[in-house]
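Encoded as structure tokens, the structure appears first; notes follow it.
Residues: numbered from 1 along the sequence shown.
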Amino acid sequence: MAAALRPDRQGLGIDLKTLEGWSRSSSTSIRKPGRKYSNERAIYVEPDVYVHKVGDEYVIVLNEDGMPKLRINGSYRPTSSPSS
């Protein structure tokens, strides 16, 4: 089974020295080349909503991560209740 996972260099048409050179150069390459320009962490965009397809319908789900909780001042509570 392990032999099936090994790459076939003859199929690529390259010799072993070339393959070893490519392997060596890729292992020493810089994984995050932008770091020499800035050390700031990346800020990723988070969506406000997620849209999922469930069967034939689309369901929209609000992303509540990082959203502030709605709080109502106590002096407004009596006027905000449905009394009529």
Side-chain angles (χ1 to χ4, degrees):
M1 187 70 174
L5 298 176
R6 207 171 52 213
D8 180 18
R9 66 178 175 82
Q10 285 89 14
L12 296 173
I14 58 174
D15 63 348
L16 186 57
K17 269 190 155 178
T18 304
L19 183 62
E20 287 173 347
W22 287 351
S23 176
R24 207 173 11 263
S25 69
S26 68
S27 66
T28 60
S29 65
I30 300 170
R31 299 290 180 209
K32 296 183 179 179
R35 283 230 173 118
K36 67 180 179 180
Y37 302 108
S38 173
N39 287 329
E40 293 181 23
R41 296 195 64 176
I43 299 172
Y44 296 101
V45 176
E46 293 185 23
D48 293 331
V49 295
Y50 295 105
V51 180
H52 302 284
K53 186 170 184 179
V54 179
D56 292 334
E57 296 183 353
Y58 289 94
V59 178
I60 300 172
V61 181
L62 182 64
N63 180 7
E64 296 181 8
D65 293 341
M67 293 184 100
K69 301 294 180 198
L70 178 63
R71 297 184 320 185
I72 299 175
N73 189 321
S75 62
Y76 293 111
R77 283 195 182 136
T79 59
S80 64
S81 62
S83 59
S84 48

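- For Leu62, the side-chain contact (heavy atoms from CB on, under 4.5 Å) partners are Val49, Glu64, Met67, not counting sequence neighbours.
- Applying the side-chain contact (heavy atoms from CB on, under 4.5 Å) rule to Tyr37 yields no partners; only residues at least two apart in sequence or on another chain are considered.
- Using a 4.5 Å cut-off on side-chain heavy atoms (C-beta onward), Asn63 and Tyr50 make contact.
- Residues forming a side-chain contact (heavy atoms from CB on, under 4.5 Å) with Glu57 (at least two apart in sequence, or on another chain): none.
- Heavy atoms only, all atoms of each residue included: His52 and Val61 are closest at CD2-CG2, 3.8 Å.
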query: After noting the C-alpha distance and the side-chain angles of Val54 and Val59, does the key distance pass the side-chain contact (heavy atoms from CB on, under 4.5 Å) rule?
result: CA-CA 7 Å; Val54 179; Val59 178; 3.7 Å; yes
